[in-house]
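Remarks on the structure that follows.
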Protein chains: 2
Amino acid sequence: MTFDALDARLLLLLTDAPRLGVLECARRLGVARGTVQARLDRLSADGVLTGFPPELRLDALGYGLTAFAVLEIAQGRRGEVAEELAAIDEVCEVHATTGQGDLFVRMVARSNDDLQRVIDEVVGVPGVRRTSTSIALSTPVAPRVRPLLERIAQG
Amino acid sequence: MTFDALDARLLLLLTDAPRLGVLECARRLGVARGTVQARLDRLSADGVLTGFPPELRLDALGYGLTAFAVLEIAQGRRGEVAEELAAIDEVCEVHATTGQGDLFVRMVARSNDDLQRVIDEVVGVPGVRRTSTSIALSTPVAPRVRPLLERIAQG
DNA sequence: TCCCCTCTGGGCAGATTGTTCATGATGATC
DNA sequence: GATCATCATGAACAATCTGCCCAGAGGGGA
């Protein structure tokens, strides 16, 4: 499985203008249309490119608050707890981590009251021992992959 | 600015099949093509829908390790530190938070050695006081918005 | 040298896009 | 109750793009 500069340039292009057609991509990259099609197919087949999910500004949707929680889990109940967390709509991301905590959770909410409710729900999951939460005040660097792609593209 | 069930259903549809054409969306939603077009335009104009970035599996790209760091920052140097962090390619996300730490960082790396290097780079940013890092062992819930959309769509 | 793989450039029929228009339905305003 | 603005519909148009096919060229490895 290879990933060359052309792949990276293609993905960068699609990052900037994701609903671009194959033909237009080919033009901008200076390659044949079939090449772009083949690359996209291959990237998908290899599992590198898993999709183009819509990127939403949750705050514009009413979910203006983001909070993080570190959960300490009772012995051997991690999987079970993770499942319960996944069932909570406002839980947007869960990682199992090394270190002080066992699970790391990102969640969103509409208001302070709403956040209180979500947090209660999260820490109320059976198997959760100790928790510590903090609220995101701002996001200096929003989730991104661009720099890595640019490096591969020899930007 | 409104966001109704149709908008949510449209976005869900695009979540599942992002490179779907407008016409096909219209068919599946059972509405006229112009309606879908208008909705997409409006969502973009309103800033709710900011794009369709390609979703990559970084591990398939060689970046198999994800780590989190909580940084305590020297008084009044948060902005400055955030800028420095943004300049590090492997830093994929930074949040300013309340609570024990001041900045929360997500980063990726190719290997343990590589991670060591990245961490050194991060904690070496001038203005960073104390740090604590942990490695993501698994990701039970990958970043998602789906449940919230489904709720709005009255799923 | 030969083989394999990829990229290229072309062509084809069929589908899709952006756009515009007139027509209803809905709901708010006066 | 009448009027107006807003939004969805369905249809039409030319232009473009898609998926698919093919033959040929070039580079790398056996």
Side-chain angles (χ1 to χ4, degrees), chain A residues 1-58 60-62 145 148-155, chain B residues 1-62 148-155:
Chain A
M1 192 219 63
T2 53
F3 187 84
D4 64 13
L6 181 57
D7 292 315
R9 287 201 298 140
L10 175 56
L11 290 181
L12 278 173
L13 190 57
L14 288 172
T15 302
D16 296 334
R19 294 195 73 76
L20 222 51
V22 175
L23 184 55
E24 186 56 28
C25 288
R27 268 198 285 266
R28 299 204 194 179
L29 294 174
V31 300
R33 179 167 64 112
T35 307
V36 172
Q37 250 154 357
R39 295 302 183 111
L40 283 179
D41 289 347
R42 188 171 51 72
L43 288 173
S44 294
D46 288 354
V48 176
L49 178 61
T50 55
F52 295 83
E55 182 181 59
L56 304 178
R57 275 190 36 202
L58 283 180
L61 243 168
V145 196
L148 295 177
L149 282 181
E150 279 172 351
R151 177 187 290 183
I152 298 174
Q154 332 210 5
Chain B
M1 192 219 64
T2 53
F3 187 84
D4 63 14
L6 182 58
D7 291 315
R9 287 201 298 141
L10 175 56
L11 290 180
L12 278 173
L13 191 57
L14 288 172
T15 302
D16 296 334
R19 294 194 72 76
L20 222 52
V22 175
L23 184 55
E24 187 55 29
C25 288
R27 268 197 285 265
R28 300 204 193 178
L29 293 174
V31 299
R33 181 165 65 108
T35 307
V36 172
Q37 251 154 357
R39 294 304 182 111
L40 283 177
D41 289 348
R42 187 170 52 71
L43 288 173
S44 294
D46 287 355
V48 176
L49 178 62
T50 56
F52 294 83
E55 182 181 58
L56 303 178
R57 274 191 36 203
L58 283 180
D59 55 331
L61 243 168
L148 295 177
L149 282 180
E150 278 172 351
R151 177 187 291 184
I152 298 175
Q154 332 208 6

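Within every chain, numbering begins at 1; the chains are lettered A, B, ... in the order of the sequence lines, protein sequences first and strands thereafter.
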Salt bridge or not for A:Asp4 and A:Arg9, using N-O below 4.0 Å?
->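 Salt bridge flag = no for A:Arg9 with A:Asp4.
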Does the side chain of A:Arg39 get closer than 4.0 angstrom to OP1 or OP2 of C:dT6 through an N or O atom?
->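 It does not, given that no N or O in the side chain of A:Arg39 lies less than 4.0 Å from OP1 or OP2 of C:dT6.
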Round to the nearest Å and state the distance from [X] atom [atom1] to [N] atom [atom2].
X: B:Phe3; N: D:dC7; atom1: CZ; atom2: C1'; value: 18 Å
X: A:Asp4; N: D:dG27; atom1: CG; atom2: C1'; value: 15 Å
X: A:Arg9; N: C:dC7; atom1: CZ; atom2: P; value: 12 Å
X: A:Asp7; N: C:dT6; atom1: CG; atom2: P; value: 12 Å
X: B:Arg33; N: C:dT16; atom1: CZ; atom2: C1'; value: 7 Å
X: B:Leu29; N: D:dT9; atom1: CG; atom2: P; value: 10 Å
X: A:Leu23; N: C:dT17; atom1: CG; atom2: C1'; value: 13 Å
X: B:Leu20; N: D:dG19; atom1: CG; atom2: P; value: 12 Å

In Å and rounded to the nearest 0.5 Å, what is the [atom1] to [atom2] distance from [X] to [Y]?
X: A:Phe3; Y: A:Leu49; atom1: CZ; atom2: CG; result: 9.0 Å
X: A:Leu149; Y: A:Leu12; atom1: CG; atom2: CG; result: 4.5 Å
X: B:Arg19; Y: A:Ser44; atom1: CZ; atom2: OG; result: 9.5 Å

Give A:Arg19 one of three labels, base, sugar-phosphate or nothing, depending on what nucleic acid heavy atoms sit under 4.0 Å from its own.
->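 Nothing: the residue A:Arg19, judged by heavy atoms under 4.0 Å, touches no strand.
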Of the nucleotides [options], which one has an atom closest to the side chain of [X]?
X: A:Ala38; options: C:dC7, D:dC17, C:dT16; answer: C:dC7
X: B:Arg27; options: C:dT17, C:dT16, D:dC17; answer: C:dT16
X: A:Gln37; options: D:dG19, D:dC17, D:dT9; answer: D:dG19
X: B:Glu24; options: C:dT16, D:dT9, C:dT8; answer: C:dT16
X: B:Val22; options: C:dG18, D:dG10, C:dT8; answer: C:dG18
X: B:Ala32; options: C:dT16, C:dC7, D:dT9; answer: D:dT9

Does any non-hydrogen side-chain atom of B:Glu55 lie less than 4.5 Å from one of A:Val145?
->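 The answer is no, as the side chains (C-beta and beyond) never meet within the 4.5 Å cut-off.
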